[in-house]
There are 2 protein chains.
Amino acid sequence: MSRVTIADVASAAGVSKTAVSFAFNNPERLGHATLERVLGVAQDLGYTPHPAARALSMRRSGTIGILIPQRLSTVFANPFLSELIQGLGELCEEHDLTLLLVPPLNGSLEGAIRQASVDGFISLGLSPDDSALGVLDRIGIPTVLVDSEDSPSHPTVNVDDGGGARAAAAHLIGLGHRQLAILVLPPARSQVHSTPTAERRLAGYRAAIAEAGVPAPHSVIAGISVAAGASAFASLPKGKRRPTGVLAMSDMAAIGVVTAAQASGLRVPDDLSVVGFDDVPASAWTNPPLTTVRQPIVEKGRLAARLLIQRMKGKPVASPAPLKTSLVIRGSTAPATNLDLRIKRR
Amino acid sequence: MSRVTIADVASAAGVSKTAVSFAFNNPERLGHATLERVLGVAQDLGYTPHPAARALSMRRSGTIGILIPQRLSTVFANPFLSELIQGLGELCEEHDLTLLLVPPLNGSLEGAIRQASVDGFISLGLSPDDSALGVLDRIGIPTVLVDSEDSPSHPTVNVDDGGGARAAAAHLIGLGHRQLAILVLPPARSQVHSTPTAERRLAGYRAAIAEAGVPAPHSVIAGISVAAGASAFASLPKGKRRPTGVLAMSDMAAIGVVTAAQASGLRVPDDLSVVGFDDVPASAWTNPPLTTVRQPIVEKGRLAARLLIQRMKGKPVASPAPLKTSLVIRGSTAPATNLDLRIKRR
DNA sequence: CCGATTTACTAAAACGGTTTAGGCGATCGT
DNA sequence: ACGATCGCCTAAACCGTTTTAGTAAATCGG
């Protein structure tokens, strides 16, 4: 009925619990004959060490956690996390680690953290002074911050969000667009600030626009989903003040804008230029293919995992320089052809 | 330096370990004054119960595992798993559970299973007689099978793969296509069989084709990634025996075929019709939008999680009927216009 | 042939919680 | 005034491993 324990194996094989433990973890400390016998008995009984007991005793669970600040159903609607996990996964498999997804439970990320039996955490998009990270510090779990801000207490993996955003805005401006719209992310869970990443992107957009002396952009709030992008498009000004270029903060939102615009009769990019952010794989297949800011997501995952594993081994690690972003120009952006521009051209 | 334990809190508050435990798990068993004091001390010391110790003692870890038969980097390249996790995630958050990803470690799924401290498993695409499931049974961990075959020992969640596949094939045949190609999945980890799902889809394609009396299709092996679909297209016959319609086993592979075909100068759907499987969200945005067999992936995840949670509570559960699939016709399929057909028409 | 190693194994102490079975005053009913 | 009940708290057992410290027998060098 009940689970077979190490004691069962020990008594069945006529040895001590220690011997059984050695058979699995320290075989060279046992005589050949007993080793064989113990292993055989264990096999027959179908013995498997209890993972929690093992974790308690060894102070290591063989798992690393991904701290996710939003609900799984919203965050997995964006391919970003899939890509990141591909990178994390490579390193995890290399080091025999499994990956635990830790979203807020009952809205509390801290509660979820306590419940999670992990050897280290990858934190996604949390500000370094988030209270959830305070909990981690107190417990003393090694942590690597991804998409955060430089922190004295944890290594941080970032990309050059600001530079990418500037390049995107400059691209649109260079194409002659003067009436721009920015899709701003809704406030994050901290309820007062947005995520550090979103802040940097927004700042990049604004800086490039200000430097070019272009009119201030129209801002509209949108989440990172396709649906959010679509409804953001709906709330954009129409007619004379209609933006001719929109800067999104994710590819998903950009795709939402594109499809909503097309459904409303606008042509992309002829009537409306749209640029995304991230360069998830799907961006290359959309109609038209999306112009977007590329960030190396898989590489980011690999790097974060590598750093975390170092830290878990006790080695100190420094935050690497932000990874490069680059503008990839596809089919969703084109020269502005709005009235103002046409008049000037003549 | 070391972690603060329940004993530390107990002695600091001048009570027994039991009292501290009660303060958190059984507050009504403590007097008001002591309760406050213990909670206060715990807060000051930054006490957090050790998850592994808790799991060992309570025989429950608050985690369910997803048994993934392939490497994370390959399986997350397909949005299918993202969708499924969205469904699983809803129920998990509702029941305060976290989600552990369990891929093979050193190629061994069984080893990974042993390491994982979970209260239940969702198995993806494993045949009911897979040896990994044998390990689970021996340990006695509740398990729900997704994309498998009916099993006497575990509840199973499936969709009507066969029916969907038949509809897809019938659709192409109805459009006049006579030279078809099927993208078969490569053999699964069991090395001898494919996954049950792939078998059912293949059988569905074959049955519809045979019933229609259409020439046997050309089969070519392809994984579930875009790249695999693209290289599968490359190995298709050219010229006179060129297929005019291809049936893929996933949307990703279908998208790969479409892009490769377009790159080679063919027009989709005019020169080549392609139908996918799954209806992941991206299928709606591709160029052209993909005709595909829809399966309710998120719903499938929700259902699987619901069943597993029931089983974890000890309630017996029966396998539900397969979920419905449906053909959604978009822009990647059109009437055949190959030479044979044009001749007949005149 | 005798003390010093080495080999092969074990008893018991962690690891850090929860839970069972009571203990001990204070209050209750009568 | 006295046994029963109740409210509050605790000692000790338990969950299932790993690991430390050590023992008895076998092997060694000289």
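Predicted, not measured: the structure shown is a model, and the values here were computed from it. What's counted below: heavy atoms across the whole structure, side chains too, no hydrogens, waters or symmetry copies.
- There is no side-chain donor-acceptor pair under 3.5 Å between A:Thr197 and A:Thr195.
- Considering A:Glu90, A:Glu93, A:Glu83, A:Glu94 as possible partners of A:Arg302, the one that fulfils the salt bridge (Lys or Arg N to Asp or Glu O under 4.0 Å) test is A:Glu90.
- A:Arg37 contributes a side-chain N or O that, together with a main-chain N or O of A:Ala13, makes up a donor-acceptor pair within less than 3.5 Å.
- Contact check, B:Thr5 against C:dC15: no side-chain N or O comes under 4.0 Å of OP1 or OP2.
- Between atom CG of residue B:Leu308 and atom CD1 of residue B:Ile122 there is a gap of 4.5 Å, rounded to the nearest 0.5 Å.
- Using a 4.5 Å heavy-atom cutoff, the side chains of B:Thr5 and B:Lys17 are not in contact.
- When the C1' atom of C:dG17 is taken as reference, atom CZ of B:Phe22 falls 13 Å away, rounded to whole Å.
- Taking the six-membered ring where the residue is Trp, B:Tyr47 and B:Phe24 present tilted rings, their angle falling between 30° and 60°.
- Within the helix from C:dC1-D:dG30 to C:dT30-D:dA1, the inter-axis angle between the opening and closing five-pair segments is 30°, rounded to 10°.
- What separates CD1 of A:Ile139 from C1' of C:dG16 is a distance of 14 Å, to the nearest Å.
- Counting any heavy atom pair closer than 4.0 Å across all strands shown, A:Arg29 reaches a base atom.
- Listed for the A:Ser57 side chain is no donor-acceptor partner under 3.5 Å among the backbone atoms of A:Arg54.
- Of the possible polar contacts, none joining the A:Thr63 side chain to the A:Val118 backbone as a donor-acceptor pair under 3.5 Å is found.
- A distance-only check finds a donor-acceptor pair linking the side chain of A:Asp119 to the backbone of A:Gly62 [under 3.5 Å].
- The span of DNA chain D lying next to chain B, judged by atoms under 4.0 Å from heavy atoms, is bounded 5' to 3' by D:dC8 to D:dG16.
- For the pair B:Arg54 CZ and C:dT19 C1', the computed distance is 13 Å after rounding to whole Å.
- Less than 4.0 Å separates DNA chain D from at least one heavy atom of each of the following residues of residues 6-19 of chain A: A:Ile6, A:Lys17, A:Thr18.
- For B:Pro49, the side-chain atoms get nearest to C:dG17 when compared with the rest of C:dC15, C:dG22, C:dG17.
- Note on A:Ser57: every side-chain N or O is 4.0 Å or more away from OP1 and OP2 of C:dC15.
- Among the atoms of the strands shown, only primed sugar atoms or phosphate atoms (P, OP1, OP2) are found under 4.0 Å from some heavy atom of B:Thr48.
- Between B:Tyr47 and the phosphate of C:dG16, there is no side-chain N or O to OP1/OP2 separation shorter than 4.0 Å.
- With hydrogens and angles disregarded, no donor-acceptor distance shorter than 3.5 Å links the side chain of B:Asp147 to the backbone of B:Pro196.
- One atom, CG of A:Leu56, and another, C1' of C:dC15, lie 4 Å apart when rounded to the nearest Å.
- B:Ser151 places no side-chain N or O within donor-acceptor distance of the main-chain N or O of B:Pro128, the cut-off being under 3.5 Å.
- Remark: the backbone N or O of A:Ala19 is paired with a side-chain donor or acceptor of A:Ser16 at under 3.5 angstrom.
- As rounded to whole Å, 11 Å separates atom P of C:dG17 from atom CG of B:Asn25.
- Atoms CG (A:Asn26) and C1' (C:dT7) sit 14 Å apart, rounded to a whole Å.
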